[in-house]
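Working notes for the structure below.
Here the structure is a predicted model, which is why all the values come from computation and not from measurement.
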Amino acid sequence: QVDVAESGGGSVAAGGSLNLSCVVSTLDQRQYYAAWFRQVAGKEREGIAAIGGGRDDFIIYADSVKGRFTISRDNRKNTWALQMSSLKPEDTGRYYCAVDTWVSQARVFEQMQYHDWGQGTQVTVSS
């Protein structure tokens with residue numbers, strides 16, 4: 001089990017950008033798979049971006065954010081980032097980082113695949 005912490009949320013006008021960061025308490029971050037989920041008011045938590053770990057070199061996006069969001073990892077800093085651009089009011093919600101030591105590429109947006117979660121960071125996009 002590792003500790004996970006997100007940061008970088010805030011308020012921005014539609015069309016703006018925000019960069020979220022996820023840091024984990026492990027020296028072996030390179031082996032971890034990670035994903036960003038979000039929970040929008042009135043809807044279930046959904047996976048929006050995922051990145052492989054170890055030898056699994058994949059990046060997957062939900063259709064709702066494809067072309068606007070970019071997930072990346074920095075192994076030196078034990079962090080993952082979510083760069084969000086062209087933000088829309090419907091992107092408003094709480095964003096969570098989730099990690100685990102292995103996740104099937106076919107199931108990256110299933111919440112049960114991830115053992116460790118952060119507390120989330122709020123993103124608010126005004127129209």
Side-chain angles (χ1 to χ4, degrees):
Q1 183 173 346
V2 297
D3 294 325
V4 181
E6 306 93 339
S7 62
S11 298
V12 65
S17 300
L18 281 174
N19 294 325
L20 305 184
S21 181
C22 172
V23 62
V24 294
S25 62
T26 178
L27 297 178
D28 200 20
Q29 185 245 12
R30 181 182 308 269
Q31 302 302 320
Y32 278 75
Y33 296 61
W36 287 93
F37 289 75
R38 69 181 180 189
Q39 185 149 25
V40 176
K43 295 186 178 181
E44 294 186 358
R45 190 177 300 184
E46 63 170 342
I48 57 173
I51 187 168
R55 295 182 180 181
D56 276 342
D57 186 19
F58 64 77
I59 290 177
I60 299 172
Y61 297 101
D63 288 343
S64 57
V65 305
K66 198 173 295 182
R68 300 188 298 122
F69 292 10
T70 301
I71 188 172
S72 62
R73 68 192 306 143
D74 185 334
N75 293 331
R76 294 173 302 169
K77 297 181 180 179
N78 281 1
T79 60
W80 290 269
L82 185 68
Q83 298 174 283
M84 306 186 295
S85 61
S86 302
L87 284 162
K88 307 173 182 179
E90 51 262 45
D91 292 318
T92 294
R94 193 159 186 85
Y95 285 67
Y96 298 86
C97 179
V99 304
D100 210 313
T101 53
W102 184 82
V103 178
S104 167
Q105 186 171 344
R107 305 177 72 177
V108 294
F109 292 149
E110 295 181 18
Q111 298 182 54
M112 292 299 293
Q113 298 299 308
Y114 299 89
H115 184 268
D116 299 304
W117 291 74
Q119 296 299 308
T121 185
Q122 180 68 30
V123 171
T124 302
V125 184
S126 58
S127 57

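For the residue pair S17 and S86, the shortest heavy atom distance occurs at OG-N, 4.4 Å. When all heavy atoms of A49 and Y61 are compared, the pair lying nearest together is CB-CD2, 3.8 Å. The heavy-atom pair separating P89 from S126 by the smallest distance is CG-C, 4.4 Å. Contact record, Q31 with R73: N-NH2, 4.5 Å, taken as the closest heavy-atom pair. The minimum heavy-atom distance linking G9 with L20 is given by the pair N-CD2, 3.5 Å. The two residues G47 and A62 have their closest heavy-atom pair at O-CB, 3.5 Å.
Residues Q122 and T92 meet the side-chain proximity criterion, which asks for heavy atoms closer than 4.5 Å.
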Evaluate the criterion side chain to side chain contact (heavy atoms under 4.5 Å, CB included) for residue pair Q105 and I60; output intermediate values, then yes/no. CA-CA 9 Å; Q105 186 171 344; I60 299 172; 3.6 Å; yes
Step by step, work out the side chain to side chain contact (heavy atoms under 4.5 Å, CB included) result for V123 and M84. CA-CA 10 Å; V123 171; M84 306 186 295; 3.9 Å; yes
Carefully, step by step, assess Y95 and I48 under the rule side chain to side chain contact (heavy atoms under 4.5 Å, CB included). CA-CA 10 Å; Y95 285 67; I48 57 173; 3.5 Å; yes
Check the pair S7, T121 against side chain to side chain contact (heavy atoms under 4.5 Å, CB included), reporting the backbone distance first and the verdict last. CA-CA 6 Å; S7 62; T121 185; 5.8 Å; no
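The main-chain N or O of G93 is never found under 3.5 Å from a side-chain atom of R38 such that the two would form a donor-acceptor pair. Listed for the S85 side chain is a donor-acceptor partner under 3.5 Å among the backbone atoms of R68. At distances below 3.5 Å, at least one donor-acceptor pair connects side-chain atoms of D91 with backbone N or O atoms of K88. The backbone N or O of H115 lies less than 3.5 Å from a partner atom in the side chain of D100, making a donor-acceptor pair. Between the Q29 side chain and the T79 main chain, a donor and an acceptor come within less than 3.5 Å of each other. Looking only at distances, a side-chain donor or acceptor of Y114 sits under 3.5 Å from a matching main-chain atom of V108. E6 contributes a side-chain N or O that, together with a main-chain N or O of Q119, makes up a donor-acceptor pair within less than 3.5 Å.
Between F37 and F109, the ring planes lie perpendicular to each other; the angle is over 60°, past the 30° to 60° tilted range.
Under the 4.5 Å side-chain contact rule for hydrophobic residues, V103 and F58 share a cluster.
Here OG of S25 is found 8.0 Å from CG of D116. Values are rounded to the nearest 0.5 Å.
Ion pairing between D63 and K66 holds under the 4.0 Å rule for side-chain N and carboxylate O.
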